[in-house]
Amino acid sequence: MDLRGVNKVFDVPGRPPYVAIEDFNLHLAEGEFVCLLGPSGCGKTTVMNMLAGFIEPSSGSILLDGEAVCRPGPDRGVIFQSHDALFPWLTAQENVEFGLKMRGIPAKVRSETAQRFLALVGLANEGRKFIRELSGGMQQRVQIARVLANEPRILLMDEPFAALDAQTRRVLQDQLVDIWQRTQTTICFITHDIGEAVFLADRVATMRAGPASGIKEVVEIDMPRPRERISDQASVYHRRIEDVISAEVQAALA
Ligand SMILES: Nc1ncnc2c1ncn2[C@@H]1O[C@H](COP(=O)(O)OP(=O)(O)OP(=O)(O)O)[C@@H](O)[C@H]1O
């Protein structure tokens, strides 16, 4: 997936237009895990919304396999921070089956596929439970299973673990790396947590503070997997990224 010279300007009634993103360039290679990291309000969600096709760039292009992205599509699976996207009146299994049902997949195949993906996220025995009967971490895993069941080319994740407690977050990070390695899906993951980015990503794309935000620097995380969260190497990357974005965090708070 490619973002080339992407600009996004928001028209705000009664105020000058707000240039959120300016000349944003990023290439996501097939099967790569990229974290997008930047200070609050820098435009991470705006970039994600454009990748998902929820909003259009004002200019520039977003390409998936060379084709322009201009609307949401099954080739891109989106996972949000909140699990409100799940249907509370359906069971976990029915939630995972939903997209397959919409695509007219026969019931037996649908059911088997949903069970496979629930098992992949460690919820093989929870399929019959309704969403409200599941913990926050389990609900996030149902979201991941539901999106993966549609076999997207790319997974777009907007701070998916931010609302979870630290322990659950770590478990889900481990599971996500495992799922990524098994499915080889390309992942673009938004976070403002440097530790999370260093643990997960092949590359961390840092963003400048807005307005007119873009890529500041892309840091390649050359650490073998499975990774340790705390190691000398992880600390070096942590410090390096902190150096890159500390000025942007200051600018965002000014
Ligand atoms: N629809 C809109 N109309 C006007 N301004 C907008 C709109 N959407 C976003 N913005 C502005 O664009 C900037 C980037 O917002 P965005 O939500 O993408 O940032 P973010 O990096 O995801 O923030 P956070 O980390 O706090 O979630 C902000 O200044 C925001 O106020």
Side-chain angles (χ1 to χ4, degrees), residues 1-26 28 33-62 69-72 76-85 136 140 143-144 147 154-166 169 172-173 176 187-201 203-219 238 241-254:
M1 195 155 193
D2 272 302
L3 295 109
R4 292 191 194 149
V6 170
N7 299 302
K8 181 67 193 176
V9 182
F10 289 110
D11 287 316
V12 191
R15 271 185 282 149
Y18 182 77
V19 181
I21 301 292
E22 191 171 80
D23 195 25
F24 191 104
N25 295 285
L26 185 66
L28 293 141
F33 199 136
V34 173
C35 280
L36 205 53
L37 184 99
S40 181
C42 73
K44 302 182 292 295
T45 298
T46 301
V47 171
M48 198 61 105
N49 284 337
M50 291 191 284
L51 288 170
F54 297 147
I55 58 172
E56 276 185 62
S58 306
S59 57
S61 52
I62 300 181
V69 163
C70 40
R71 63 181 74 85
R76 282 150 290 134
V78 187
I79 292 169
F80 302 97
Q81 177 176 333
S82 141
H83 28 73
D84 294 348
Q140 256 341 33
Q143 250 208 101
I144 295 171
V147 164
I154 179 162
L155 214 53
L156 304 171
M157 309 183 82
D158 191 351
E159 304 208 42
F161 307 147
L164 304 174
D165 64 89
R169 197 182 313 151
L172 263 69
Q173 288 165 351
L176 180 63
I187 298 184
C188 182
F189 186 108
I190 287 185
T191 181
H192 55 254
D193 179 337
I194 299 177
E196 183 168 62
V198 170
F199 179 70
L200 294 174
R203 289 188 303 146
V204 178
T206 61
M207 286 176 69
R208 294 190 305 268
S213 178
I215 294 289
K216 182 165 188 192
E217 194 177 318
V218 179
V219 179
H238 201 289
I241 295 171
E242 210 159 48
D243 283 348
V244 174
I245 70 158
S246 62
E248 306 307 320
V249 174
Q250 293 297 330
L253 294 173

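Atoms within a ligand are numbered from 1 in the order they appear, just like the ligands themselves. Heads up: numbering here begins at 1 and tracks the sequence. In this text, all values refer to a predicted model and were calculated from it rather than measured experimentally.
The two residues Arg71 and Arg76 make their nearest non-hydrogen contact at O-NH2, 2.9 Å.
Distance alone, capped at 3.5 Å, is enough to place a donor-acceptor pair between the Asp193 side chain and the Gly195 backbone.
Side chain to side chain, Glu196 and Thr191 meet the donor-acceptor criterion of an N or O pair below 3.5 Å. Asn7 and Ser59 form a side-chain donor-acceptor contact under 3.5 Å, judged by distance and modelled atom types alone.
Every residue two or more places apart in sequence or in another chain that forms a side-chain contact (heavy atoms from CB on, under 4.5 Å) with Ala209 is listed here: Pro39, Glu248, Ala251, Ala252.
The 4.0 Å heavy-atom shell around ligand 1 contains residues Phe10, Tyr18, Ala20, Pro39, Ser40, Gly41, Cys42, Gly43, Lys44, Thr45, Thr46, Glu159, ordered by chain and number.
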Could you walk me through whether Phe189 and Phe161 pass ring pair (Phe, Tyr, Trp, His ring centres under 6.0 Å), step by step? CA-CA 10 Å; Phe189 186 108; Phe161 307 147; 5.8 Å; yes

